[in-house]
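What you see below is based on every heavy atom in this structure, not just the backbone, and it leaves out hydrogens, waters and symmetry mates. As the structure is a computational prediction, the values presented were derived from the model and not from experiment. One-based numbering, in listed order, for ligands and for the atoms of each.
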Amino acid sequence: MSKLLEGKTALVLGVANRWSLAFAIAGAYRREGARVILTYQSDRQRQTVEELGEELGAERIIACDVTQEQELEQLVSTLKKTAGKLDAVVHSIAFANREDLSRPFVETSRSGYQLALEVSSYSLVAVARAVAPLMSEGGAILTLTYLGATRVITNYNVMGVAKAALEACTRYLASDLGPGGVRVNAISAGPVKTASARGIKDFSKVLDGVAAKTPLRRNTDPEEVADTAVFLASDLGRGVTGNVIFVDAGFQIMGL
Ligand code: NAP
């Protein structure tokens, strides 16, 4: 059987360690035959991401802090020289101050709000603008969001606001880039134990609560998120853009 991403090149931003959703996605992209390029934010993660890249058979590992316009320009210039074109870009990045994920939302500081929105929402716009010229033959941009964008989830706080903005950015970018054949979508993943998720106070209670109430009576497996990411990057997803697709074992349909 032919592989779904054969002949495609994917840039995956947001691998920090082997629990990262981006790591599962990069692995599934490799499984489906894509060439994969990874980025890391700072020297702190460099060695880990290089080791994981080697394990995956990633073609290249490049430094990129998405809040630094210069680093995005450098990333694109390196990609122009090496990969030439991109078919898929995965934005799997978020950050908020820990104190803003544990105290009442009303106490969010101006600087904490700006930081969360800058890293977790605006960066999708910056990344899309930077990579679009490398997608002249069309392509797929994908980001990761969470139900806290539209519902109040205890302690998710400013990150919920950032995800609401991220989902709106997904729609506006899909509209702007669609005429050039670039699709932009978001996967809304159910809670998964990752480094970022551990920053949310009482996250393990969320995992237990979801597993008990969700239609499939279990938590989300990162591999399920990754397989949907394959679909969206592949030609099978060619008609899908501007969407938020839930991969959450069904949790978001539930009322009482
Ligand atoms: P993760 O492994 O901690 O990934 C978050 C990534 O964001 C890390 O690689 C981190 O790099 C990177 N990052 C933060 N600031 C950055 C910056 N300025 N420039 C470049 N990279 C930066 O956690 P994850 O759960 O897989 O998160 C990936 C995405 O999935 C996030 O958007 C998250 O909100 C979303 N999501 C997660 C869940 C969940 O339950 N885990 C559910 C739904 C959606 P460093 O580690 O080097 O800082």
Side-chain angles (χ1 to χ4, degrees), residues 11-27 38-50 52-53 61-72 74-75 89-98 101 114-124 126-127 130 142-151 153 155-167 169-170 186-200 202-207 209-211 214 219-226 228-229 244-249 251-252:
L11 172 69
V12 180
L13 303 104
V15 174
N17 52 51
R18 64 177 61 255
W19 294 277
S20 296
L21 293 177
F23 180 69
I25 294 171
L38 303 179
T39 66
Y40 59 90
Q41 182 192 177
S42 65
D43 276 345
R44 187 171 48 87
Q45 290 306 121
R46 182 186 185 143
Q47 197 184 339
T48 310
V49 180
E50 280 180 351
L52 293 174
I61 322 284
I62 307 172
C64 183
D65 178 334
V66 291
T67 63
Q68 305 301 314
E69 211 59 47
Q70 234 180 330
E71 293 198 19
L72 278 167
Q74 187 59 46
L75 170 70
V89 174
V90 177
H91 169 279
S92 187
I93 286 173
F95 185 77
N97 287 328
R98 214 180 170 94
L101 302 173
Q114 286 168 346
L115 176 70
L117 272 281
E118 153 96 47
V119 178
S120 318
S121 308
Y122 181 73
S123 64
L124 178 68
V127 167
L142 169 67
T143 189
L144 275 299
T145 185
Y146 180 55
L147 185 63
T150 52
R151 313 271 178 87
I153 310 278
N155 294 326
Y156 201 62
N157 298 354
V158 71
M159 191 53 79
V161 177
K163 291 303 190 192
L166 182 74
E167 292 180 10
C169 289
T170 300
I187 293 178
S188 187
V192 175
K193 206 183 264 182
T194 63
S196 289
R198 282 169 197 268
I200 302 161
D202 293 334
F203 181 74
S204 53
K205 285 188 191 156
V206 174
L207 283 175
V210 166
T214 206
N219 280 119
T220 299
D221 179 348
E223 304 299 324
E224 297 165 347
V225 176
T228 300
V244 176
I245 298 184
F246 285 85
V247 181
D248 67 344
F251 185 77
Q252 66 99 17

Notebook entry, point to check: How far does CD1 of I61 sit from CD of Q45, to the nearest 0.5 angstrom?
Noted result: 12.5 Å
Next item on the list: Please name all residues satisfying side-chain hydrogen bond (donor to acceptor under 3.5 Å, both in side chains) with D65, sequence neighbours left out, ordered by chain then number.
Entry: T67
Check: Does a salt bridge link E167 with K163, judged by any charged N lying under 4.0 Å from a carboxylate O?
Finding: no
Notebook entry, point to check: Would a distance-only check, ignoring hydrogens and angles, find a side-chain to backbone donor-acceptor pair under 3.5 Å from T214 to A249?
Noted result: yes
Next item on the list: Using heavy atoms and a cut-off under 4.0 Å, could you grab the residues that are in contact with ligand 1, chain by chain, numbers ascending?
Entry: G14, V15, A16, S20, L21, Q41, R44, Q45, C64, D65, V66, T67, S92, I93, A94, V119, L144, T145, Y146, K163, A189, G190, P191, V192, T194, A195, S196, A197, F203
Next item on the list: Run through I25, V225, V244 and flag the one making a side chain to side chain contact (heavy atoms under 4.5 Å, CB included) with I187.
Entry: V225
Next item on the list: State, yes or no, whether a side-chain contact exists between S20 and T194 at a heavy-atom distance under 4.5 Å.
Entry: no
